[in-house]
Amino acid sequence: MQKIRNIAVIAHVDHGKTTLVDGLLEQSGTFGDHEQHDERAMDSNDIEKERGITILSKNTSIRYNGYKINIIDTPGHADFGGEVERVLKMVDGVLVLVDAYEGVMPQTKFVVKKMLALGIKPIVVINKIDKPSAEPDRVVDEMFDLFDHMGATDDQQDFPVIYAAARDGIAKMDMSDPDGDFTCIFNAIINDVPEPKGDAANPLQAQVFTLDYDNYVGKIGISRIFNGTVNKGDNIMLAKANGEMVKGKISKLIGFHGLNRLEIDQAEAGDIVAFAGMETVNVGDTVADINNPVALDPMHVEEPTLTVVFAVNDSPLAGQEGKHVTSNKLRERLEFEMNTNVAMKLEVVGEGKFKVSGRGELQITVLAENMRREDFEFSISRPEVIVKEIEGVKCEPFEHLVIDVPEDLSGGVIERLGKRKAEMKSMLPMGQGFQRIEFEIPARALIGFRGQFLTDTKGEGVMNHSFIEFRPYSGGVESRSYGALVSMTAGSTLAFSLFGIQNRGTLYIGVQTEVYEGMIVGEHSRDNDLVVNPIKGKAQSNVRSSGADEAIKLIPPRDMSLERALEWIEDDEILEITPKSIRIRKKFLTEAERKRHSRKQPK
Ligand SMILES: Nc1nc2c(ncn2[C@@H]2O[C@H](COP(=O)(O)OP(=O)(O)OP(=O)(O)O)[C@@H](O)[C@H]2O)c(=O)[nH]1
Ligand SMILES: [Mg+2]
């Protein structure tokens with residue numbers, strides 16, 4: 001049997017996981033001498049590159065001193081916590097990174113809790129020790145406290161610690177040691193991560209944890225082999241998560257090496273490989289022996305906390321910019337997403353209406369952003385938290401919120417959070433005039449908070465949050481304090497009219513933008529909605545009006561990104577999303593309809 005180690009790299013967002021994997025690829029000699037690769041090579045999809053974050057967990061494999069080390073890089077953002085949960089079952093050890101200044105953050109807690117529950121003993125890497133503000137000793141203490149607090153066993157508590165500057169390829173076992181390379185990390189992986197259990201002679205059992213697609217071979221299931229041996233061309237039984245058994249054949253067997261995939265003929269228990277040829281494969285399925293199929297435990301991932309309704313775009317501008325606009329297309333695409341993403345759920349709630357549940361706004365935004373790029377057109381509603389009954393009590397998700405704010409601004413932020421039902425748990429000075437304040441807060445109260453927080457802290461505040469658990473419902477929370485500026489008519493916006501409107505609030509659109517009745521063109525400076533006419537030119541008699549129009553000075557409109565817009569909208573508003581535009585609109589387009597509806601359903 002091959003000498004194999006399977007590890008995942010886990011941490012809070014931005015603590016340097018993908019950068020560390022770059023170093024492991026490089027220093028193991030896995031990148032060929034002339035192989036070109038980008039920084040953070042594992043962040044391979046477009047949105048990951050643009051945002052500089054990992055969204056999907058991805059695996060790679062390196063060779064070191066006769067060992068094959070399979071590495072799964074995971075996302076650190078709380079919304080993608082489901083990715084981490086399912087990956088942890090596929091590995092025998094983890095590198096848990098923690099920033100030498102930031103220390104234990106909400107998602108550090110989340111991933112450590114999941115890891116401890118699975119009985120994994122980690123290697124702790126204190127990363128970014130090069131930062132001038134780094135306090136590695138404090139951070140090690142924080143990790144010991146966290147493990148203790150979360151009920152780690154004595155063995156788990158006895159974790160090895162490595163100090164690193166992953167970006168510079170530096171690591172050492174003790175802060176007083178001279179800087180070394182990653183040798184100590186490789187050695188820790190080989191010596192401290194248990195070798196995979198399972199037997200190559202047993203009947204085949206492999207669990208699919210990620211799906212991929214290839215234009216030539218179709219659906220690909222990336223899997224950990226827990227038992228048995230598999231050969232290219234083997235007939236197998238696919239034990240589906242719902243109990244169904246489907247016969248299949250491994251048309252291709254694919255191994256990993258660095259950023260490359262290679263066709264292989266055979267793989268054994270302990271390894272991570274990919275199978276092609278099974279068109280019905282989904283995440284969580286077991287690829288099993290055809291004569292003796294035994295399914296592995298299904299994958300349990302914590303339930304979603306947030307829902308958004310995706311619907312067919314029915315705006316007056318529908319169908320002009322996107323290619324896929326029908327209910328069927330929308331449904332197909334969303335179902336496809338659910339097969340690959342166990343942390344999301346889908347429910348049909350009406351004609352052309354689909355309730356998508358996930359972990360947070362970023363997860364939903366990324367799905368919507370991917371769909372735009374695939375030429376879809378649709379609308380999405382305001383995110384709502386999932387409320388459920390637990391032992392007869394109405395409960396809602398709560399989050400652990402950590403904010404770093406300049407000291408002189410902390411009072412205002414605390415007050416605002418108080419109105420949102422946040423309970424302060426601790427407050428610590430962080431140096432450089434910053435304070436770290438921790439809260440527990442209903443997830444509901446965080447919707448729309450980020451924009452406000454950035455304004456309140458003049459863009460200097462940093463906030464992070466992660467799901468704790470469902471707790472009893474906490475009653476009403478403060479929401480958006482301003483109304484919308486709503487267009488009363490359809491046409492192309494003119495500077496003359498926008499100039500008049502901009503005194504009433506903040507514009508979200510500029511000149512020569514197509515609008516329609518009921519479309520939102522900005523935020524009102526008061527708490528009620530205001531109906532405006534953004535297409536009115538100067539008096540008709542003035543023949544030179546268009547020339548004069550250009551001379552008008554307009555404040556540049558506020559750029560509403562998908563996230564910002566999603567956070568901003570209220571219950572009676574939706575986002576219209578097309579490959580080219582993101583428009584904010586009222587659900588009911590005419591004022592008469594809105595009035596009629598608000599009488600029926602007082603807010
Ligand atoms: N100063 C310093 N910066 C580092 C170090 N390692 C990584 N970084 C930087 O930290 C940022 C985040 O690095 P990533 O590797 O993307 O972090 P990540 O943990 O993979 O982030 P997510 O996958 O989004 O959770 C990048 O700008 C890196 O260049 C380090 O050792 N020192
Ligand atoms: Mg990453």
Side-chain angles (χ1 to χ4, degrees), residues 7-27 37-60 71-85 87-88 94-112 114-115 122-136 139-140 143 161-172 175 179-182 184-185 210 259 343 359-363 365-366 369 402 432 462-467 563:
I7 59 159
V9 187
I10 59 175
H12 185 76
V13 67
D14 262 3
H15 282 193
K17 297 173 288 296
T18 308
T19 305
L20 183 92
V21 175
D22 273 352
L24 294 171
L25 285 163
E26 209 154 308
Q27 294 195 26
H37 60 88
D38 297 333
E39 222 171 76
R40 283 173 281 158
M42 300 287 283
D43 285 348
S44 49
N45 83 43
D46 288 347
I47 300 185
E48 289 181 322
K49 284 195 195 130
E50 282 166 28
R51 293 175 183 249
I53 59 168
T54 305
I55 294 168
L56 301 166
S57 54
K58 283 176 240 45
N59 60 299
T60 183
I71 305 168
I72 309 180
D73 181 28
T74 68
H77 193 285
D79 283 18
F80 310 115
E83 289 277 313
V84 188
E85 274 186 86
V87 156
L88 282 174
V94 302
L95 297 175
V96 46
L97 269 64
V98 55
D99 182 301
Y101 165 72
E102 285 194 352
V104 169
M105 291 297 273
Q107 197 64 4
T108 319
K109 293 190 179 174
F110 180 86
V111 296
V112 165
K114 296 288 164 198
M115 171 206 87
I123 297 162
V124 170
V125 180
I126 310 290
N127 188 34
K128 309 200 189 183
I129 54 169
D130 58 292
K131 275 189 175 178
S133 54
E135 293 179 303
V139 173
V140 173
M143 287 300 269
V161 178
I162 294 173
Y163 300 86
R167 204 185 45 193
D168 309 325
I170 288 170
K172 50 192 176 183
M175 275 308 280
D179 288 348
D181 60 14
F182 280 9
C184 61
I185 303 183
T210 300
L259 304 179
R359 283 287 179 82
E361 288 152 86
L362 182 61
Q363 190 181 36
T365 313
V366 166
E369 187 59 48
V402 176
Q432 287 150 354
V462 179
M463 67 177 263
N464 277 286
H465 58 93
S466 181
F467 173 66
E563 269 121 308

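Every heavy atom of this structure was used, including side-chain atoms; hydrogens, water molecules and symmetry mates were not. In listed order, ligands and their atoms are each counted from 1.
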Below 3.5 Å, N or O to N or O, backbone or side chain included: is there any such pair between Glu39 and ligand 1?
no

Under the side chain to side chain contact (heavy atoms under 4.5 Å, CB included) criterion, do Val21 and Lys58 qualify, and how do the steps go?
CA-CA 11 Å; Val21 175; Lys58 283 176 240 45; over 6 Å; no

Can you tell me how far CD of Glu563 sits from CZ of Arg51, rounded to the nearest 0.5 angstrom?
4.0 Å

With rounding to the nearest 0.5 Å, note down the distance linking NE2 in His15 to OG1 in Thr108.
5.5 Å

Compare Met42, Arg40, Lys128, His77 and give the one whose heavy atom is closest to atom 8 (N) of ligand 1.
Lys128

Compute the shortest N/O to N/O distance between Ala164 and ligand 1 and return yes if it is under 3.5 Å, no if not.
no

How far is atom 21 (O) of ligand 1 from the closest protein heavy atom, and which atom is that?
Asp14 N, 3.1 Å

Polar contacts were defined as any N/O atom of the residue lying under 3.5 Å from an N/O atom of the ligand; does this apply to Gly76 and ligand 1?
yes

Would you check if Asp73 and Asp43 make a side-chain contact, meaning some heavy-atom pair closer than 4.5 Å?
yes

Got the closest protein heavy atom to atom 23 (O) of ligand 1, with its distance?
Thr54 OG1, 2.7 Å

Check this for me, if you would: do Arg40 and Asp22 make a salt bridge, where the nitrogen-to-carboxylate-oxygen distance has to be below 4.0 angstrom?
no

State whether the shortest distance between N or O atoms of Arg167 and N or O atoms of ligand 1 falls below 3.5 angstrom.
yes

To the nearest 0.5 Å, how far apart are CZ in Phe182 and CD1 in Ile170?
9.0 Å

Just distances here: any N/O of Leu20 and N/O of ligand 1 closer than 3.5 Å?
no

For ligand 1, is there an N or O atom under 3.5 Å from any N or O atom of Asp43?
no

Do ligand 1 and Asp73 have nitrogen or oxygen atoms that lie under 3.5 Å from each other?
no

Please confirm if an N, O or S atom belonging to Thr74, backbone or side chain, lies less than 2.8 Å from the Mg ion (ligand 2).
no

How does His15 reach ligand 1, by side chain, by backbone, by both or by neither, if only non-hydrogen atoms under 4.0 Å count?
backbone

Contact flag Thr19/the Mg ion (ligand 2), N/O/S atoms, threshold under 2.8 Å
no

Judging by distance only, is a nitrogen or oxygen of Thr18 under 3.5 angstrom from one on ligand 1?
yes

Can you figure out which of Ile129, Thr19, Thr74 has its heavy atom closest to atom 14 (P) of ligand 1?
Thr19

Taking the side chain as C-beta and beyond, is there a heavy-atom pair between Ile129 and Met175 under 4.5 Å?
yes

When Leu95 is tested against each of Ile162, Leu24, Ile71, Ile10 for side-chain contact (heavy atoms from CB on, under 4.5 Å), which residue passes?
Leu24

Establish, from distance only, whether the side-chain atoms of Glu83 and Ser57 form a donor-acceptor pair under 3.5 Å.
yes

Using 0.5 Å steps for rounding, measure from the CZ atom of Phe80 to the OG1 atom of Thr74.
12.0 Å

Atom 31 (O) of ligand 1 sits nearest the protein heavy atom Ala166 N, 2.9 Å

